[in-house]
Amino acid sequence: MKFHLLTIFPEFFHGPMDHGVVARAAQRELIEIKVHNLRDWTYDFHKTVDDRPFGGGEGMVMKPQPLFEAVEAILPGRDPARQRVALMSAHGPLFGQRKARELAGFEEVLLICGRYEGVDERVGMHLADEEISIGDYVLSGGELAAAVVVDAVARLLPGVLGNQDSSLQESFSEDEDGQDGILDCPHYTRPADFRGLRVPDVLLAGNHAEIRKWRRQAAIEKTRRLRPDLLDR
Ligand code: SAH
């Protein structure tokens with residue numbers, strides 16, 4: 001799967017994409033991450049990507065022209081069944097595991113990273129297929145949000161995680177009814193007694209049926225304690 005990141009700060013992605021699961025997936029060519037400098041689609045001396053807001057007010061707004069031309073050049077003759085364009089935006093529906101699974105079904109995903117006061121509204125309305133927010137807070141740019149999306153989507157792709165089943169058993173994985181899941185069960189490692197804090201006996205006894213039962217129950221209890229909203233849906 002190919003990710004395109006459209007940004008005015010291409011160097012931003014050196015680092016976040018260079019570690020662990022995502023970096024290994026790229027090395028093994030299971031994913032490809034292409035970072036595009038939005039300023040390549042400007043024609044003036046200063047490579048201007050922003051302009052003053054119509055109607056007045058604070059801050060600058062990202063112009064539609066470089067963004068439209070960039071997306072059209074990166075995905076010419078776009079096929080909506082295979083390619084998806086999303087605008088990172090505090091206004092979008094909240095990103096979650098369900099959306100990550102949906103995006104994992106595309107061959108190419110292009111994420112537009114906004115800056116300044118935001119992006120000309122015509123980009124969200126007429127260029128992007130959707131807007132995606134990673135939470136109800138305002139970031140200074142879409143790059144961090146895009147990195148979150150790439151990470152969450154990449155690890156769902158076949159072969160990316162060492163253990164094929166890992167992404168089936170973790171937090172928010174879909175249950176049999178296709179519902180968004182609950183939290184992952186608690187995990188423990190050695191020592192069995194750390195400063196008097198003991199690992200539950202059932203995990204030490206080696207009875208796998210009992211362990212499965214305990215994990216399910218512990219996951220429900222943990223969800224009730226930390227994220228009761230997940231159980232009330
Ligand atoms: N004026 C806007 C905020 C702009 S922040 C407002 O009040 O809603 C600049 C850019 O950061 C946005 O264009 C978007 O690309 C990105 N951004 C900010 N918050 C985000 C969030 N919660 N999720 C995804 N992207 C976000």
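In each ligand, atom 1 is the first atom listed, and ligand 1 is the first ligand listed.
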Does Arg84 use its side chain to pair, donor to acceptor, with the backbone of Glu102 at less than 3.5 Å? no

Residues at least two apart in sequence or cross-chain that pass side-chain contact (heavy atoms from CB on, under 4.5 Å) with Glu131, listed by chain then number, are Leu87, Ser89, His91

The protein heavy atom nearest to atom 25 (N) of ligand 1 is Ser89 N, 3.3 Å

At under 4.0 Å between heavy atoms, what of Ser133 touches ligand 1? The answer is both

So the atoms of ligand 1 within less than 4.0 Å of a heavy atom of Tyr137 turn out to be 19 (N), 21 (C), 22 (N)

the protein heavy atom lying closest to atom 26 (C) of ligand 1 turns out to be Ala90 N, 3.8 Å

Numbered in order shown, the ligand 1 atoms found under 4.0 Å of a heavy atom of Gly118 are 13 (O)

Is Leu156 reachable from Ile132 through a run of hydrophobic residues whose side-chain heavy atoms are each under 4.5 Å from the next? no

One finds that the ligand 1 atoms under 4.0 Å from a non-hydrogen atom of Ile132 are 24 (C)

among protein heavy atoms, the one nearest atom 23 (N) of ligand 1 is Ile134 N, 3.1 Å

Heavy-atom proximity to atom 4 (C) of ligand 1, picking from Glu58, Glu117, Met88, Met62, points to Glu117

Gly114 heavy atoms within 4.0 Å reach ligand 1 at atoms 10 (C), 11 (O), 13 (O), 15 (O)

Legend entry - Test item: Val202 and Asn207 side chains (from C-beta on) under 4.5 Å apart, heavy atoms: no

(Q) With respect to Cys113, determine whether any N or O atom, backbone or side chain, lies less than 3.5 Å from an N or O atom of ligand 1. (A) no

Please check if the side chain of Thr223 supplies one atom and the backbone of Leu183 the other of a donor-acceptor pair under 3.5 Å.
yes

- prompt: Can you find an N/O atom of Ile112 closer than 3.5 Å to an N/O atom of ligand 1?
  reply: no

Does atom NE2 of His187 have more than 12 heavy-atom neighbours from other groups under 6.0 Å away? yes

request  = Please say whether Ala145 places an N or O atom under 3.5 Å from an N or O atom belonging to ligand 1.
outcome  = no

The salt bridge (charged side-chain N to carboxylate O under 4.0 Å, His left out) partners of Arg82 (sequence neighbours excluded) come to Asp79, Glu107

Given 3.5 Å as the limit, does a donor-acceptor pair link the side chain of Thr48 with the main chain of Asp50, or not? no

Near Val138 (heavy-atom distance under 4.0 Å), the atoms of ligand 1 are 3 (C), 5 (S), 19 (N)

Short version for Leu87: what comes under 4.0 Å of ligand 1, heavy atoms counted, is neither

Note: ligand 1 atoms sitting under 4.0 Å from heavy atoms of His91 are 6 (C), 8 (O)

Among non-hydrogen protein atoms, atom 19 (N) of ligand 1 lies closest to Leu139 N, 3.0 Å

In ligand 1, the atoms that come under 4.0 Å of a heavy atom of Tyr116 are 4 (C), 5 (S), 9 (C)

Just by distance, do the side chain of Asp120 and the backbone of Lys63 share a donor-acceptor pair under 3.5 Å?
no

- prompt: Hey, is Glu221 close enough to Arg224 for a salt bridge, meaning N to O under 4.0 Å?
  reply: no

| said: If we ignore hydrogens and angles and just use 3.5 Å, is the side chain of Gln65 paired with the main-chain N or O of Trp41 as donor and acceptor? | reply: yes

Polar atom proximity, Val119 to ligand 1 (N or O, under 3.5 Å): no

Tell me, do Val153 and Val109 make a side-chain contact under 4.5 Å, heavy atoms counted? no

Taking only non-hydrogen atoms of Gly142 and a 4.0 Å limit, the atoms of ligand 1 in range are 11 (O), 15 (O), 16 (C)

